[in-house]
Number of protein chains: 2
Amino acid sequence: MNGPHGVGQGEADSRHRSDTRARIQQVAVELFTEHGYDGTSLREIAERIDVTKAALYYHFKSKEDIVASLVQDYADQMDSLIAWGREQPRTAQTRREVLSRYVDIVAKGDQVFRMLHQNQASANMLGSMKRRGDLFKERIEFLIDLLTEPDAGLPERVRAAMAIGGISVGWMLFASRADRSELVNAVTEIAGEIAELPCPRAAR
Amino acid sequence: MNGPHGVGQGEADSRHRSDTRARIQQVAVELFTEHGYDGTSLREIAERIDVTKAALYYHFKSKEDIVASLVQDYADQMDSLIAWGREQPRTAQTRREVLSRYVDIVAKGDQVFRMLHQNQASANMLGSMKRRGDLFKERIEFLIDLLTEPDAGLPERVRAAMAIGGISVGWMLFASRADRSELVNAVTEIAGEIAELPCPRAAR
DNA sequence: GTCTATAGACGGATAGAC
DNA sequence: GTCTATCCGTCTATAGAC
């Protein structure tokens, strides 16, 4: 399990590895987001960083391996959040904290997050990872569980889903234009309000 | 401009056309949603309905033309909604009505809506249509404009975005499992609350 | 670590018979 | 309207020199 390949390798053991690997990842994220996973060839990636296709295969054992290396960290953070949330009491404070931490993950993983959102249907992307649970949908369902009572009805669950979905869309639409911390605050605040429904209005 | 091709042809002039065209559309939507646009070959579509690739080319002049025929109706409805909204006074009632109509479009266009959401980054899909405005992002921005005052700040715009985004995600997650009209009501109701923020809580 | 060269497969699209 | 047969392009991935 040594050698240049291997998904789990963070920047930790960077004794003196060239930065080519990191440059591949950076360019890959950008192109996968812009043109889609299937719409991006290894040739394109290689050309952008001025190496050849074959060089990519020294650093990653396949195209899918490139994306896996990108997504691993994001998935781990989601799993940590879910695990943490399950150990907390089901209070309003916990729910706010879950949403806040989720926004942080989204904000921190920004580029990868956008890439995933834009490539949800790419069956080729993450074909192997998908078997361990749909990276997106399944984990979002778990978040919904954290935000609702076990016996919650449809409206409550829909409300939780909309809080989480709102975070995604809010971020995607404004991340490139607004001040980051300002956006984090606004999104977190509003998501919290959506989830809690402060006053159960008499409407309808 | 006659012959079998031509995007604009609804079911209106169906004197006695075979249903092959419609079956192609149906299968295409399903496969594009599941495996992505690039991940679906014309061979797959043809096999599913038990014709050959060449037959597809009798009904549609290209792969992209298939998807265009599907999306046209959805785009038109969005444009109608936006045009209608721009003529209305900027009242809370109008905003609720905009959201309600948007939910109806999503609910009615269900399958196409899902397909579009799952293939946002497929550059090949709708390459021609994109030039007339990004089908998704741009139109959602217009909806946000309808839901906010012209001088609205970031939080207000983010709030509107989250209401609309919440509709998408709420629908995507529950459409296959919940009762349709029940879901329409729940989503519409909650989106309205998000957009209006009934009581400006002193929280935080 | 990076290169050249190429294998091997599959994609969209077209021509022309029936 | 549907078929068979085929063209041509591009893709991932590998082999082996340097």
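- Dashed line: the shortest gap from a side-chain N or O of B:Thr20 to OP1 or OP2 of D:dT2 is under 4.0 Å.
- Within residues 42-50 of chain A, the residues that place at least one heavy atom under 4.0 Å from DNA chain D are, in residue-number order, A:Leu42, A:Arg43.
- Ion pairing between a basic and an acidic side chain is recognised when a charged N comes within 4.0 Å of a carboxylate O; A:Arg95 and A:Glu156 show no such pairing.
- Rounding to whole angstrom units, CZ of residue B:Phe60 and C1' of D:dG1 are separated by 14 Å.
- Tested against B:Phe60 for a side-chain contact (heavy atoms from CB on, under 4.5 Å), the candidates B:Leu42, B:Val67, B:Asp65 yield a single pass: B:Asp65.
- Residue pairs meeting the ring-ring contact (aromatic ring centres under 6.0 Å, His included) criterion with at least one member in residues 21-51 of chain A, sequence neighbours excluded, are A:Phe32-A:Tyr37.
- A salt bridge does not link A:Lys137 to A:Glu141: none of the charged side-chain nitrogens sits closer than 4.0 Å to a carboxylate oxygen.
- Separating the NE2 atom of B:His35 from the C1' atom of C:dG11 is a distance of 17 Å, rounded to the nearest angstrom.
- Close to C:dT2, at under 4.0 Å from its OP1 or OP2, lies no side-chain N or O of A:Thr52.
- Here D:dT2 presents its P atom at 13 Å from CZ of B:Arg21, a figure rounded to the nearest Å.
- For the OP1/OP2 pair of D:dT10 and a distance below 4.0 Å, the side-chain nitrogens and oxygens of A:Ser41 include no atom meeting the criterion.
- The OH-C1' distance, from B:Tyr58 to C:dA17, rounds to 16 Å in whole Å.
- Under the 3.5 Å distance criterion, the side-chain polar atoms of A:Ser100 are left unmatched by any main-chain donor or acceptor of A:Arg96.
- The distance between atom NZ of A:Lys63 and atom C1' of D:dT10, rounded to the nearest whole Å, is 11 Å.
- Taking every side-chain heavy atom of A:Lys53 into account, D:dA13 is the closest of D:dT14, D:dA13, D:dC3.
- Atom C1' of nucleotide D:dA13 and atom CG of A:Asn124 are separated by 15 Å, given to the nearest angstrom.
- Of the side-chain N and O atoms in A:Tyr57, one or more sit less than 4.0 angstrom from OP1 or OP2 of D:dA13.
- A residue-by-residue look at B:Ala55 and A:Thr40 shows that B:Ala55 has its nearest nucleotide of DNA chain D further toward the 5' end.
- Among C:dG1, C:dG11, C:dA13, the nucleotide with an atom closest to any side-chain atom of B:Ser62 is C:dA13.
- A salt bridge does not link A:Arg48 with A:Glu44: none of the charged nitrogens is closer than 4.0 Å to a carboxylate oxygen.
- Between the P atom of D:dC11 and the CD atom of A:Glu64 lies a distance of 18 Å, rounded to the nearest Å.
- Aromatic ring orientation, B:Phe113 versus B:Tyr74: tilted (interplanar angle from 30° to 60°).
- Following rounding to the nearest Å, A:Leu56 (CG) and C:dT4 (P) show an atom-to-atom distance of 13 Å.
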